[in-house]
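The next block holds one structure in the form of structure tokens; read it before the comments.
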Amino acid sequence: MSETRFPAGQVVWDEEHVKALLFEPETLVVNEPWRSWVKSQGGLGKVREALLGLAVSDKHHRTLKAILAEPGASLQRYALLMHTSVATFVRYRASLVKMLVAVLNSHGQEKPSASGADIPNNLPKRMSPLIGRQMELESIARLLRREDVGLLTITGPGGIGKTRLALQTAFDFLTEFEDGVFFISLASISNPDLVAPTIVQILGLGGMDNFPPQDLLKNHLCDKRLLLVLDNFEQITPASPLLGELLEAAPGLKILVTSRAVLHVYGEYEYTVPPLLLPEISSLPPLEELSAFPSVALFVNRAQAVNSDFALSRENAPVIAEICVRLEGIPLALELAAARIKLFAPQALMRELSQRFARLTYKSVDREPRHQTLRNAVAWSYDLLGPQEQALFAQLGVFVGGCTLEAVAQTCVTGQPETPVAEQMASLVGKSMLQVETRHNGEPRFTLLEVLREYALERLEKAGETESAWRRHLDYFLRLVESVEPGPREPDLPAWMNLLEEEHDNLRAALRRSLALGEHDDALRIAGSVWRFWQIHGHVEEGARWMSDILAGSSGQQSIARAKALWGAGWLGMVVGDLEQARIYFEEGANLSRRLDDKRYLGLSLHGLGAVARGQGDFPRALAAFEESLPLFRALQNSEDVAWTLEHLGATALDRGEFEQAAAYLQQGLALFSELEQQWPCAEALTFLGHAALQQADYALARKYYEDARSIYQELDDRPNISTLNTCIGAVLFGQGETVQAIALYKENLVTLHGLNNYWGMVWSLECLAKAAVHLENYETAARLGGAADALRRITGVLWHPGFHSQYNDRRFDVLKNELGLDEWERLWAEGQAMSVDEAVSCALEI
């Protein structure tokens, strides 16, 4: 906006005052220092003109124009002006307000800093400069900025620099995609079904345990301006139709793909990466011009990284140029050669290259000449390694998605015990045969480029050591997951989950190898140790598939490992909504545990059976299972499992409407969880206690329990549960007659839960707003919301809100049926059931 004349630091804009400026400017200008600021800008009219003149995204501009056209209008009116739903407008408004806070606090800048620091992204913090690719970057940028280009595929052979170009493009476009730029490596994925879950995981979306990941992506991306960079797509091309579906659902989405081949998807644009520009050896340009040739510039840059004294000179220029031509301008080949400058002078390096390439010529009709050149460069670099380095390099091929120094030390046989593994790894890094990055904890993590990993596995196979190397890899990761698995006390869940996420590709590889080798016990032990990670970290469907394959392959095995895996498989089955399959798993686990006389896994299997029965409304069977498990855990003196049993019993009593009994069980469980210092279970117990008090109309006690639970969730930064507790507090306000405040809180948290894709919480909020609509005698909206909530409950497997089953009876709709008539009620109910999630939210916000 125009240069502000108000002294810096006197006006600090927050979201509350920005909203006042947009919607209720008359309330803003009565207070200092904003009144003086508005006056200094020439009045509200000039402020509006300046705001409309901001260089912002089309979405922000349309939202701002609609608001300033009619300040103080209803949400429905703004949605109508923008031709969108109320829920979508609310999200647009929130994004606009955040942007204006930054602009107004920038004191005269027309737009926020273009550093991209506030744009959501997962790009690496530091990257080495991209040498010699300016023309390619400009060409890709021109294509990506075209309105008709939604999918752009960067193609070329391995080692040509596709990934590096895509990453640099992502950085360059960071400020052009306000909703985020995300880089997603697919190199370690071979199953096309894992593409959508992987994207969901990187974007941090919740709800994958209730909805197909592709549906979550469409719903999340539909109104976003966002760039997805999908790297190494060539091995999962059957997943290509997903990209078309996402682009059709999300007009503001752009997808940049790297692949060794085009995807053949409708609407795809292709950019083939050329080799780096080469000089003409027969007529070399002057030294200054030669140093600007991209291939020469890259070689010199990488050579100086290993030898700071190296420089391009009249003496070595012809040789350097010839090396670049000999390697055909392939970036990876040039980097491998340049890393040898520390060992060879340029002339000797050229001689070595020529001799080795002559011997390594790889004749195959299946390989293009450029691919042969790269392969020869890799083979030449490998041959220059010492015997121990060669052995170590080959063994590194078994790691998928990288490895730690500890993993290498315990998995690889170096044959050189007197030389520390760290020193050997550093040597491979220095020779460009290995990449290294610093992890969040300061420790190094090593990765092989896919081209180099493919070659490493070939060398391992040729040495006849493939099976033994994979066996050591499997043993290491089996030990790792069992050593870090959470114990009886509440673990450091974020650290545990982050560790397993970092090693997830290696865990997948270990499971594939164990199944291929028929090592079923190993597969059972790994799956039994990580199923909670699959559940909590958004890999539920994948985990359920692994469990199905592993349990089918180990059918008939009588072991604690199988009983433990059955327990985990049952809970994963419950989360994906297959209660019948979950019951089968839990029953087999209970029977197996009885035969093995293992009381703990018998008790845990009974927990599962009780939870399934409760989910199906069979409360007598649920109580029987929980009551049978309680003495087992008490005999084992396992306080944590005793506490969970008491909470299960309390929740079951609550669902049956036995509120006093429920409170007694829950208080006992809460006391044990408090002794164990387990925060999350304490918050859950407090929430259930709040439900019990609410249903007995003890609103003061209910609010106390809910606020205590919310405080814990706030400490844990558990946003879905914070919003759900706010909805519960809204129910308290509603019960106390504070209808306006309750409805406002319901709406606020519905929008938040919708943004978090928290479908369980959304169902509860929709039902609360339906009840509010009845109170307001808006019976048609109430019937539609009831139908929408019912459909969403059945899709998610949540047949009732936990703790409120006693209220889910046929009589709760009597008022609606009487007021509307049975036929009209059924018609409106069916309309609600047919609504999309966005339509249901928009309908609720109109109350």
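Every side-chain hydrogen bond (donor to acceptor under 3.5 Å, both in side chains) that Asn316 has, sequence neighbours left out, goes to Ser313. For Arg508, the salt bridge (charged side-chain N to carboxylate O under 4.0 Å, His left out) criterion is met by Asp505, Glu542, not counting sequence neighbours. Residues forming a salt bridge (charged side-chain N to carboxylate O under 4.0 Å, His left out) with Lys218 (at least two apart in sequence, or on another chain): Glu245. Partners of Arg145 according to the salt bridge (charged side-chain N to carboxylate O under 4.0 Å, His left out) rule, which considers only residues two or more places apart in sequence or in another chain, are Glu176. A search for salt bridge (charged side-chain N to carboxylate O under 4.0 Å, His left out) contacts involving Glu136 returns Arg133, not counting sequence neighbours. Considering only residues two or more places apart in sequence or on other chains, Glu322 meets the side-chain hydrogen bond (donor to acceptor under 3.5 Å, both in side chains) condition with none of them. Considering only residues two or more places apart in sequence or on other chains, Asp231 meets the side-chain hydrogen bond (donor to acceptor under 3.5 Å, both in side chains) condition with Thr163, Thr258. For Arg445, the side-chain contact (heavy atoms from CB on, under 4.5 Å) criterion is met by Thr404, Glu437, Arg439, Glu502, Glu503, Asn506, not counting sequence neighbours. With sequence neighbours left out, the side-chain contact (heavy atoms from CB on, under 4.5 Å) criterion links Glu138 to Gln134, Arg142.
Contact of the Phe299 side chain with the Leu312 side chain is not registered, since no non-hydrogen atoms from C-beta on lie closer than 4.5 Å. Between Phe293 and Cys324 there is no side-chain heavy-atom pair separated by less than 4.5 Å. Side chains of Val429 and Phe446 form a contact here, defined as non-hydrogen atoms less than 4.5 Å apart. Residues Val319 and Leu349 have side chains not in contact (no heavy-atom distance under 4.5 Å, counting atoms from C-beta outward).
Asn232 places no side-chain N or O within 3.5 Å of a backbone atom of Leu186 that could act as its donor or acceptor partner. A donor-acceptor pair is defined here as one N or O able to donate and one able to accept, closer than 3.5 Å; no such pair exists between the side chain of Glu423 and the backbone of Pro420. Under a 3.5 Å cut-off, the side chain of Arg453 and the backbone N or O of Gly397 do form a donor-acceptor pair. The backbone N or O of Ala250 sits nowhere less than 3.5 Å from a side-chain atom of Lys224 that would complete a donor-acceptor pair. A donor-acceptor pair under 3.5 Å is formed between the side chain of Asn121 and the backbone N or O of Ile119. Arg459 places no side-chain N or O within donor-acceptor distance of the main-chain N or O of Ala379, the cut-off being under 3.5 Å.
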Let me check something: any side-chain donor-acceptor pairs from residues 335-344 under 3.5 Å, sequence neighbours excluded? List them with distances.
from	atom 1	to	atom 2	distance (Å)
Arg340	NH2	Ser381	O	3.1

Could you go through residues 271-281 and list every donor-acceptor pair under 3.5 Å that involves a side-chain atom there, pairing it with any protein atom two or more places apart or in another chain?
from	atom 1	to	atom 2	distance (Å)
Thr272	OG1	Thr155	OG1	3.2
Thr272	OG1	Glu270	OE2	3.0
Glu280	OE2	Ser282	OG	3.1

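Within the structure, side-chain hydrogen bond (donor to acceptor under 3.5 Å, both in side chains) contacts touching residues 390-402 (residues at least two apart or in different chains) are Gln395-Arg472.
Looking only at atom types and distance, the side chain of Gln235 has no donor-acceptor partner in the side chain of Ser190 under 3.5 Å away.
In this pair, Tyr382 and Phe393 present their aromatic rings tilted. The plane angle is within the 30 to 60° band. Using a 30° and 60° split on the angle between ring planes, Phe173 and Phe177 fall in the tilted class, from 30° to 60°.
In plain terms, the two heavy atoms of Leu152 and Leu143 that are nearest each other are CD1-CD1, 3.8 Å.
For the atom pair Leu247 CG and Leu242 CG, the distance stands at 9.5 Å (nearest 0.5 Å).
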